[in-house]
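Shown next, in structure tokens, is the structure this report addresses.
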Number of protein chains: 2
Amino acid sequence: MKYSELKKSLKNHKLRITDCRMDVLEYFQEHTKAVSIKDLEDKFQEYDRVTLYRTLHSFEENGLLHKIPGDSGSAVYGLCKDCDVAAHHHNHMHFRCTSCGSTECIDTPVEIKAATLPDNYEMASIDVIVNGICNQCSSN
Amino acid sequence: MKYSELKKSLKNHKLRITDCRMDVLEYFQEHTKAVSIKDLEDKFQEYDRVTLYRTLHSFEENGLLHKIPGDSGSAVYGLCKDCDVAAHHHNHMHFRCTSCGSTECIDTPVEIKAATLPDNYEMASIDVIVNGICNQCSSN
DNA sequence: TTATAAATGCAACTCTATTGCATTTTATTT
DNA sequence: AAATAAAATGCAATAGAGTTGCATTTATAA
């Protein structure tokens, strides 16, 4: 993605333009799989770990990323493709490959009826994590 | 639940009978909400943290508990009511209350068709986490 | 009752994530 | 373009979650 596009995207989300944020956002754009803090630390050794953590947090707060609960411990993050700051649409599914360990957002929308909940439970949002073998691993 | 019942349950899962395991299992039986390591540490200060961790792990390995990915960081565990060692049925949903922070297993079975996945993805299992307000919180 | 295999407690350690603070950088205003 | 205020960064320290090794104790089965 072009520099000016990245810049625009940050500005749209009311985020200041910094080297770290530009690099991290570009990294997200270039990867279809969800990204962990570990990935970023390995890739961007020139930035402090803390800065990378704070970058993820600010991106998440400003609706650029969504957090995906990690399998064991550490979380991963995915780009919010169809979201804007006002309305998040997180009702897609996350596919976690048990072979390569990657997590990926699958754009198939997920519908679970609130009617299936017991009385007096109110649904706000839903996270669906599908475990299995991803396309890359199944073709090897 | 009676002592003898707890004992039988542990034996069924090929787990040795110890004080810690009996107490922890009883605690799970008495609570409808999912249990965190923190809950256990607070409740059972007479047992070492490590022992409680290992108790959870052995319960999980032997099909007595299932692990539910925590909101931020620490995981919680739920009793496997309808599971046996041979066949786990984890396709129920987990309800996480954004008000009181509790997580709970809801017995409504969840069906997501593998057909909704893109080509060459193979589904093995699925975790559904519904966020919202639980019955207790909505009536307060 | 004894033998052995497993569970426990303790200490140390690893990994993940956060906080405080001084410094630097960004964006805005003049 | 320079000055200013607000925000981001880097570093060090700290907090929290979870694990490992090992000596000791306990449970089960012979």
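Order of the sequence lines sets the chain letters (A, B, ...), proteins ahead of strands, with each chain counted from 1.
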Measuring from the side chain of A/Y53 (C-beta onward, heavy atoms only), which nucleotide among D/dG18, C/dT16, D/dT9 has the closest atom?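 Selected nucleotide: C/dT16.
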
If you check the A/V50 side chain, which of C/dT18, C/dA27, D/dT20 turns out closest?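 It is C/dT18.
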
Using atom [atom1] of [X] as one end and atom [atom2] of [N] as the other, report the distance to the nearest whole Å.
X: A/D48; N: D/dA7; atom1: CG; atom2: C1'; value: 17 Å
X: A/D39; N: C/dT16; atom1: CG; atom2: C1'; value: 14 Å
X: A/L25; N: D/dA8; atom1: CG; atom2: C1'; value: 16 Å
X: A/K14; N: D/dA8; atom1: NZ; atom2: P; value: 14 Å
X: A/E41; N: C/dT14; atom1: CD; atom2: C1'; value: 14 Å
X: A/M22; N: C/dT25; atom1: CE; atom2: C1'; value: 15 Å
X: A/L15; N: D/dA6; atom1: CG; atom2: P; value: 19 Å
X: B/L10; N: D/dA27; atom1: CG; atom2: P; value: 13 Å

Hey, is the main chain of A/I129 close enough, under 3.5 Å, to the side chain of A/R96 for a donor-acceptor pair?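 No, A/R96 side chain to A/I129 backbone: no donor-acceptor pair under 3.5 Å.
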
Exam field: side chain B/D48 to backbone B/V50, donor-acceptor pair closer than 3.5 Å: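 A pair under 3.5 Å: yes.
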
Assess whether one donor atom and one acceptor atom, taken from the side chain of B/R49 and the base of D/dG18, lie less than 3.5 Å apart.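 Yes, the side chain and the base share a sub-3.5 Å donor-acceptor pair.
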
Between B/L52 and A/R16, name the one whose nearest nucleotide on DNA chain C is closer to the 5' end.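 Nearest nucleotide further toward 5': that of B/L52.
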
Residue whose nearest DNA chain C nucleotide is more 5′ - B/T55 or A/T18: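 First, find each residue's nearest nucleotide; the 5'-ward one identifies B/T55.
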
Any side-chain heavy-atom pair of B/V130 and B/I106 under 4.5 Å: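 No, too far: nothing below the 4.5 Å cut-off.
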
First of A/Y47 and B/K11 reached from the 5' end of DNA chain D, by closest nucleotide: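 The residue mapped nearer the 5' terminus is A/Y47.
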
If you assign A/S58 and B/D19 each to the DNA chain D nucleotide with the nearest heavy atom, which residue ends up on the more 5' nucleotide?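 Result of the comparison: A/S58.
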
Tell me whether A/F95 shares a hydrophobic cluster with A/I133, the cluster being built from Ile, Leu, Val, Met, Phe, Trp, Tyr side chains joined at under 4.5 Å.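 In one cluster: no.
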
So what does B/E46 touch, heavy atoms closer than 4.0 Å: a base, only the sugar-phosphate, or nothing?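 Sugar-phosphate, backbone atoms only, no base.
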
Counting the atoms with a prime plus P, OP1 and OP2 as sugar-phosphate, which does B/R54 contact under 4.0 Å by heavy atoms, base, sugar-phosphate, or nothing?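 B/R54: base contact, heavy atoms under 4.0 Å.
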
Does a side-chain N or O from B/T51 land closer than 4.0 Å to OP1 or OP2 of C/dA7, or not?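 Checking C/dA7 against B/T51, no side-chain N or O comes under 4.0 Å of OP1 or OP2.
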
So, does A/H57 get its side chain near the phosphate of C/dA17, meaning an N or O under 4.0 Å from OP1 or OP2?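 No, because none of the side-chain N or O atoms of A/H57 sits under 4.0 Å from OP1 or OP2 of C/dA17.
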
Will you find, in the side chains of A/Y27 and A/D39, an N or O donor that is under 3.5 Å from an N or O acceptor?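 No, because no side-chain N or O of A/Y27 sits under 3.5 Å from a partner of the opposite role on A/D39.
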
